[in-house]
Each structure stands twice: as C-alpha cells, then as structure tokens.
**Student:** 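This is the structure I have questions about; it appears just below.
Below, chains carry the letters A, B, ... as their sequence lines are ordered, and counting in each starts from 1.
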There are 2 protein chains.
Amino acid sequence: MSNTGGRRKPPTIHDVAREAGVSRGTVSRVLNGGHYVSPTAHEAVNAAIRKTGYVVNRHARSLITGRSDSIGFLLTEPQERFFEDPNFNVLLRGCTQALAAHDIPLLLMLAGTEDERRRITRYITAGHVDGVLLVSSHSGDPVAQELCEAGVPLVACGKPIGLGSKVSYVAAADRDGARDMVRHLLSLGRRRIAVVTGPLDTPGGVERLAGYREVLAEEGIEYDERLVVSGDYSRASGEAGAERLLAQAPDLDAVFVASDLMAQGVLTALERAGRGVPGDVSVGGFDDSSAALAARPQLTTIRQPYDRISAEMVRVLLAQIGGEDPAAVILPTELIKRGSA
Amino acid sequence: MSNTGGRRKPPTIHDVAREAGVSRGTVSRVLNGGHYVSPTAHEAVNAAIRKTGYVVNRHARSLITGRSDSIGFLLTEPQERFFEDPNFNVLLRGCTQALAAHDIPLLLMLAGTEDERRRITRYITAGHVDGVLLVSSHSGDPVAQELCEAGVPLVACGKPIGLGSKVSYVAAADRDGARDMVRHLLSLGRRRIAVVTGPLDTPGGVERLAGYREVLAEEGIEYDERLVVSGDYSRASGEAGAERLLAQAPDLDAVFVASDLMAQGVLTALERAGRGVPGDVSVGGFDDSSAALAARPQLTTIRQPYDRISAEMVRVLLAQIGGEDPAAVILPTELIKRGSA
DNA sequence: CTGAAAGCGCTTACAG
DNA sequence: CTGAAAGCGCTTACAG
C-alpha cells in the first residue's frame with residue numbers, strides 16, 4: 001500500500017506462487033479461468049493475489065498469446081469533422097465504456113493525412129491491436145481496404161461502401177428514418193419539401209435521399225431536382241446548402257436535412273432570409289445529437305441509437321476476434337418531435 | 001505483400017538477422033539508434049527490414065525495457081461534459097497527434113464512476129502506461145492523488161487544485177484572459193458587468209473570477225454580489241445562471257461568461273428575456289471553442305491556445321518520463337472580437 | 001563493432 | 001489436479 005516515492009517493481013506471478021505455496025503454472029491457471037485447479041489452491045492463490053497486490057503483466061501475456069488485448073478506434077475522416085460532430089463523441093465514449101467492461105483498453109487512432117494512414121496501417125497490421133472499430137464511411141477508404149485484406153477483424157460504423165459484404169458493420173436504418181421524417185413533414189401539410197443530403201459517397205448520404213424519394217413517389221409527388229442539394233455533414237455546408245435551395249426553389253416549405261449539425265446551418269440561413277421556422281418552413285434533422293437541442297428552435301429529428309450502435313460494434317468485433325464470422329447489424333431509428341417541424 | 005486471407009505470423013528479429021547475415025543483437029542495435037554498428041551491417045539490416053516487412057513486437061520490447069511506450073489520456077469528469085464540451089475534442093485530438101509524432105499510442109480512459117476509477121487506477125499503477133495526460137481540474141480528485149503518490153508521471157490540463165506543486169500542468173493564463181475581457185467590456189461603456197463563473201473548485205472558476213474582480217477594483221467599480229453567479233461549464237448552467245442574474249440585477253448591461261458553452265446558454269436566456277445582444281447587453285465568452293462560432297451572435301471571447309496546450313502537455317509528460325522534473329507551463333490567451341460584445 | 005547468452009513475466013502442452 | 005520446462009520476441013551487459 002504505502003509506496004513512498006518512485007515506482008517500485010510490481011509483484012510477478014512468481015511472487016504470488018511463492019506466497020500461495022504453489023507453482024507459477026497453477027497461478028496462471030487461476031488467472032485464466034480457474035480450470036483444473038483445486039478449490040484449496042484456488043483460494044490460496046486468490047489470497048496471495050490480494051496480499052501482494054498482483055496485476056498481470058499484459059506484455060508478457062501478449063507475447064505468448066499473440067493477442068494484444070487492446071482495440072483500435074480508427075477515425076479516417078478529415079480531422080475537422082471529429083471536433084465538430086457531436087456524434088463522434090457519443091460513439092467514442094460508448095465504445096470506450098463497452099470495452100472497459102471487458103477490461104480492454106481502447107487506442108485512439110487518427111488517420112487524417114496520408115502519412116498517418118501509412119503509419120497506422122503498419123501499426124495495426126503488425127498486430128498491435130486485436131481488432132479495429134472503424135469510423136469512416138466514405139467509399140474507397142484505402143485504410144479499410146488494406147486492413148480487410150490483411151484479415152484484421154474490423155467493424156465499421158455505417159455500411160462501408162465498396163468493401164464487399166465480408167466486412168462487419170453496425171448501422172441505423174437510414175432509409176426508414178428518412179421515410180419517417182418525410183412522412184412527418186407531409187403530415188404537417190408540407191408539399192415543397194427540400195432535402196440537404198450527406199455526401200453521396202456515404203451510406204447516410206445515399207440512403208436518406210433514397211428514403212425521401214421513395215415517400216415522394218409513393219405519394220405521387222414529383223421529384224424536383226431543384227429541391228435537392230448535398231452537404232458534407234458540417235454546419236457550414238448546411239448553411240450554404242440552404243442558400244442554394246432558397247435561390248433554386250424559393251417556394252420550399254420544408255427542409256429535410258441529413259444531419260442535425262447541417263440543420264443548424266440551415267436554420268441560420270433561413271433566419272437570415274427572413275423565413276420563420278416552423279411557421280414558414282418546417283425543418284427536420286437527423287441524428288438527435290446534442291446539436292438538435294442546441295438549435296433554436298430545437299430540432300425535430302430522427303434519433304440514431306448511438307448507445308446501442310457502439311455497444312453492438314464492440315460486441316460484433318469481440319465475437320469476430322473470437323472466431324465468429326462477420327455480421328451486419330441494423331438498428332431502428334425513432335422520430336423525435338420538437339419545435340422545428 | 002500478398003496476404004491472402006487470415007493473419008500470418010509476422011517476421012521477427014530473427015528473420016531479419018538471418019536475412020541480413022548478422023546476429024539478432026546487431027539487428028536490435030540498429031533498431032535502437034544504430035550505435036556501435038558498422039555502416040555495412042547497418043545497411044544490410046535496413047535492407048532486410050524492408051524486405052521482410054519487419055515491425056518490432058512492442059510486447060516483447062516492453063517486457064524487457066519495463067516501459068509500455070504508451071500514454072493514457074484520462075478523463076475524470078462526469079461523462080456528460082465530455083460530449084458537450086468542444087474543448088475536450090480539441091485537446092484529445094491535439095494530444096493524439098502530438099503523441100503519434102513520437103509513435104506513441106494514446107489509450108483513452110474514462111473514469112466516471114467509482115468502479116471505473118478503481119479499475120483504471122489499478123491499470124495505470126500496474127505500469128500499463130508510462131504516463132498520464134489528465135483532464136480534470138476539480139479539487140480533491142482521488143485518482144490524480146493516487147497516481148501522484150504512486151509516482152506515475154502525470155501532466156494535468158489546468159492547474160490541479162490541492163495536489164501540491166510537484167505535479168506538472170499546462171494552463172492558459174486564466175486571470176489575464178479574464179482581465180482582458182472585462183477591460184474590453186468596460187471599453188464598450190458597460191458598467192454593470194455581470195459574471196457567470198465556472199465551478200469554484202476549479203482553477204478556471206477561481207482565476208477568471210479573480211481577474212474580473214481585479215479589474216473592477218482597479219477601475220473603482222464596486223463589487224456587487226448580485227452580479228455574480230456560478231455555473232458548471234455546461235450550456236444549461238449558463239442559461240440558468242443568466243436567469244438568476246436577470247432576476248437579481250435586471251440593470252446589468254454586460255455578462256462575462258467563463259466558457260463559450262455557458263455563454264450560449266446565456267444568449268438563450270437573454271433572448272427569451274427580450275434583451276438584445278450586443279445592443280442591450282454585451283456578452284463575452286471564454287475558450288474560443290467551436291461553440292463561439294455556433295452562437296448567434298458569434299461570441300467575442302478569450303482564446304485558449306488548445307493546440308499549444310496539448311502539444312505542451314505531451315512535451316512535458318515525455319520529458320518527465322525521461323527523468324526530468326515536473327514543470328508548470330502557462331500559455332497566453334488572446335481576445336477575439338466578434339458580434340456579441 | 002559484434003555474437004552468444006541471459007532474462008523480462010507470462011502461458012501451455014507435457015508428464016505425472 | 002499439479003509442477004517442471006519450453007518458449008513467446010526482444011534488449012542488454014558481457015566478452016571478445
């Protein structure tokens with residue numbers, strides 16, 4: 001207990017064995033599940049562990065098991081998005097906590113530049129982590145590609161475009177969510193519904209637009225290109241997108257925005273244009289991130305179940321590391337009504 | 001290169017040695033700085049490394065060096081703040097990148113609950129990381145206390161209250177920043193300047209209030225308790241604080257808010273009360289986080305140099321791990337003028 | 001400048 | 001159920 005200054009050498013399995021009066025093999029067996037150990041020995045070892053304050057040396061263990069018992073959280077998006085988007089935080093926290101429950105540390109890896117990508121790919125394929133939680137849904141991500149080919153267990157957040165079906169992912173039901181929102185806007189009496197999509201090389205970009213088109217078609221409303229612009233999920237792109245929409249289709253009476261952050265930008269542009277929300281224009285977001293509550297008015301939006309998404313990502317990844325086959329998990333979304341629509 | 005399915009066994013130092021026609025000791029020497037190695041051997045080893053695609057096994061290295069070559073980024077704040085506060089993101093990213101430049105992975109550690117705190121303290125004191133970047137400035141943080149006593153190299157972000165002077169930290173010049181802001185508000189002709197402080201058990205809470213009081217005293221303006229309330233750095237606490245201020249001191253003509261996020265809340269409350277910003281009331285924030293740009297109007301604020309803060313935290317921590325004494329680094333702030341004051 | 005050898009702390013067949 | 005022993009991949013004095 002008393003550790004006066006400096007770090008002293010921590011006890012090893014050898015110290016525990018001596019204290020318990022057994023061999024190191026027996027201590028190790030207790031540490032690894034307690035199979036083939038007599039109750040007496042088991043107890044003696046546990047007591048010795050408590051007494052010595054023993055904690056396993058993970059390096060020694062990893063050296064022999066070949067596993068690192070750690071997981072990488074890899075972000076290949078441009079750096080700025082990471083700051084700005086509250087969703088990342090929620091995901092990162094959820095994954096860290098889910099892993100902590102398994103006593104597995106999370107290594108944060110940022111691969112923004114080409115150099116970083118190379119370094120990190122090398123690090124991962126060298127086996128320094130047992131698997132990777134991937135946040136990046138742009139198509140043709142070279143890092144994801146390489147990791148896949150190297151056989152590194154991998155779970156993506158959102159369906160990765162262009163990586164084939166052998167890669168695991170966890171995603172929200174984007175299309176259904178979009179459908180719910182557009183139907184909600186219709187139920188409000190809106191007919192000139194514009195849309196600000198996400199990047200069209202991401203599933204969220206493609207699928208949410210698809211949901212929008214589906215509902216319009218089902219209702220016999222003609223698809224009007226002037227009502228459609230794309231953003232990059234940033235607040236600024238939402239603002240710029242709304243400006244283009246107002247110029248192209250001044251008669252719009254609603255905007256479905258593919259992310260809450262972009263919706264914040266849309267609100268700014270509408271306010272500047274003198275359009276009241278929700279009086280003149282209804283605005284619907286997507287995510288139910290903290291941006292939805294920060295917006296004025298607060299955003300009616302589609303909740304992505306980020307808590308469940310992170311938990312499932314960890315579950316699927318650990319299963320895959322354990323030898324299971326890749327899997328895709330789709331989680332339902334929910335319409336959250338607030339002031340903006 | 002071609003790695004068809006599955007993870008094959010990576011090359012070891014032994015493979016490199018054989019390829020280069022030298023002993024493993026020589027390979028190791030090349031890996032660790034190249035001292036006492038002939039140019040010929042050096043070249044042969046490098047070529048062999050390239051040819052085999054060798055990457056050092058960090059577990060084996062750590063086992064013998066006793067270092068983990070990894071750093072923990074420890075957050076002991078309640079979880080919610082982590083999401084909401086954009087400053088954390090900037091810090092986390094900056095630290096990750098600064099460490100990446102040294103090829104040192106960052107382990108993200110969240111110690112929100114008592115259980116997590118215990119688990120993480122154990123993990124760290126067991127030597128699983130070489131040092132810790134600490135984000136928590138509440139006084140009497142038990143984790144920080146324990147780590148300090150265990151002799152774990154530690155650098156805090158912001159001066160830790162109650163940990164004595166032997167712990168390293170990097171902080172912005174809180175008091176000076178607050179002084180600059182209050183002087184700016186005075187220069188605008190404001191005289192009834194209110195303040196929403198941070199938690200008074202954090203240096204940011206105490207010091208920014210101190211700066212406010214100093215300037216008022218210097219200008220012969222009486223300190224009025226009704227103009228002072230405290231928040232917890234959250235948006236909601238800013239909103240609530242402004243409401244109390246409006247009730248206690250309806251004649252206020254400016255508010256200095258100790259964080260941008262709280263300032264967003266203040267803006268919401270002022271708007272609801274029908275007070276125009278900056279017409280009726282000038283509002284000054286602190287941080288220059290993304291919240292400052294998201295606010296309407298955009299916030300005049302005090303920039304904390306988070307890029308430099310994270311870089312310095314890493315520098316000081318690595319120095320300390322290398323045997324240097326603890327150090328405190330204070331970085332200057334800057335007044336950023338925008339629309340709110 | 002270089003090789004042979006010891007040893008870091010653990011796990012895991014292998015005999016008993 | 002248990003111990004003795006080999007071995008994971010590396011670094012580092014130690015001789016030369």
**Student:** Indicate whether the side chain of B/Ser168 and that of B/Gln320 have a donor and an acceptor atom separated by less than 3.5 Å.
**Tutor:**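 A donor-acceptor contact under 3.5 Å links the two side chains.
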**Student:** Which pair of non-hydrogen atoms, one from B/Val16 and one from B/Val45, has the smallest distance, and what is that distance?
**Tutor:**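 Nearest heavy atoms, B/Val16 then B/Val45: CG1-O, 4.1 Å.
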**Student:** Sequence neighbours excluded, which residues qualify as ring-ring contact (aromatic ring centres under 6.0 Å, His included) partners of B/Tyr123?
**Tutor:**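 Once residues adjacent in sequence are excluded, the partners of B/Tyr123 under the ring-ring contact (aromatic ring centres under 6.0 Å, His included) criterion are B/His128.
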**Student:** With salt bridge (charged side-chain N to carboxylate O under 4.0 Å, His left out) as the rule and sequence neighbours excluded, what pairs involving residues 102-111 of chain A come up?
**Tutor:**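 Counting only pairs at least two positions apart or across chains, the salt bridge (charged side-chain N to carboxylate O under 4.0 Å, His left out) contacts touching residues 102-111 of chain A are A/Arg58-A/Asp103, A/Asp103-B/Arg119.
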**Student:** Which residues, if any, of residues 43-62 of chain B bring a heavy atom under 4.0 Å of DNA chain D?
**Tutor:**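 Result for residues 43-62 of chain B: B/Tyr54, B/Val56, B/Asn57, B/Ala60, B/Arg61, sorted by number.
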**Student:** Of the non-hydrogen atoms in A/Gly131 and A/Leu317, which two are nearest, and what is the gap between them?
**Tutor:**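 So the minimum-distance heavy-atom pair works out to C-CD2, 4.0 Å.
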**Student:** The criterion is side chain to side chain donor-acceptor pair (under 3.5 Å); which residues satisfy it with A/Asp115, sequence neighbours excluded?
**Tutor:**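 Partners of A/Asp115 by the side chain to side chain donor-acceptor pair (under 3.5 Å) criterion, ordered by chain and then number, come out as A/Arg118.
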**Student:** Based on Watson-Crick and G-U pairs with both distances under 3.5 Å, what dot-bracket line describes DNA chain C 5' to 3', crossing pairs as [ ] and inter-strand pairs as |?
**Tutor:** |||.||||||||.|||
**Student:** Let's see if you get this right: which residues in residues 19-33 of chain A place a heavy atom under 4.0 Å from DNA chain D?
**Tutor:**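 Per residue number, the list reads A/Val22, A/Ser23, A/Thr26, A/Arg29.
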**Student:** DNA chain D: A/Val37 or B/Thr65, which has the more 5' nearest nucleotide?
**Tutor:**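 It is A/Val37 whose nearest nucleotide is closer to the 5' end.
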**Student:** Check whether the side chains of B/Thr52 and B/Asp15 place a donor and an acceptor atom closer than 3.5 Å, and report yes or no.
**Tutor:**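 The criterion, which ignores hydrogens and geometry beyond distance, is not satisfied for B/Asp15 and B/Thr52.
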**Student:** Just grab all the ring pair (Phe, Tyr, Trp, His ring centres under 6.0 Å) pairs involving residues 97-119 of chain B, residues at least two apart or on different chains.
**Tutor:**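 Found none.
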**Student:** Can you name the residues that form a side chain to side chain donor-acceptor pair (under 3.5 Å) with A/Thr121, not counting sequence neighbours?
**Tutor:**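 Not a single residue meets the side chain to side chain donor-acceptor pair (under 3.5 Å) criterion with A/Thr121.
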**Student:** Which residue pairs pass the ring pair (Phe, Tyr, Trp, His ring centres under 6.0 Å) test with at least one member in residues 308-327 of chain B, sequence neighbours excluded?
**Tutor:**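 Found none.
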**Student:** Quick check for you: name the first and last nucleotides of DNA chain C, 5' to 3', having an atom under 4.0 Å from a heavy atom of chain A.
**Tutor:**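 Counting from the 5' end, contacts occupy C/dG9 to C/dA13.
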**Student:** Mind checking the C1' distance from D/dT12 to D/dG16? Whole angstroms is fine.
**Tutor:**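 Comparing C1' positions in D/dT12 and D/dG16 gives a spacing of 16 Å.
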**Student:** Let me know, please, whether B/His42 or B/Leu63 comes out on the 5' side of the other along DNA chain C by nearest nucleotide.
**Tutor:**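 Result of the comparison: B/His42.
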**Student:** Output all residues satisfying side chain to side chain contact (heavy atoms under 4.5 Å, CB included) with A/Arg122, sequence neighbours left out; order by chain, then residue number.
**Tutor:**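 Only B/Val55 meet the side chain to side chain contact (heavy atoms under 4.5 Å, CB included) criterion with A/Arg122.
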**Student:** Taking all non-hydrogen atoms of both residues into account, name the closest pair between A/Cys95 and A/Phe73 and its distance.
**Tutor:**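 So the minimum-distance heavy-atom pair works out to SG-CE1, 3.9 Å.
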**Student:** Among residues two or more places apart or on two chains, list those pairs meeting salt bridge (charged side-chain N to carboxylate O under 4.0 Å, His left out) that have a residue in residues 20-45 of chain A.
**Tutor:**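 Those involving residues 20-45 of chain A do not exist here.
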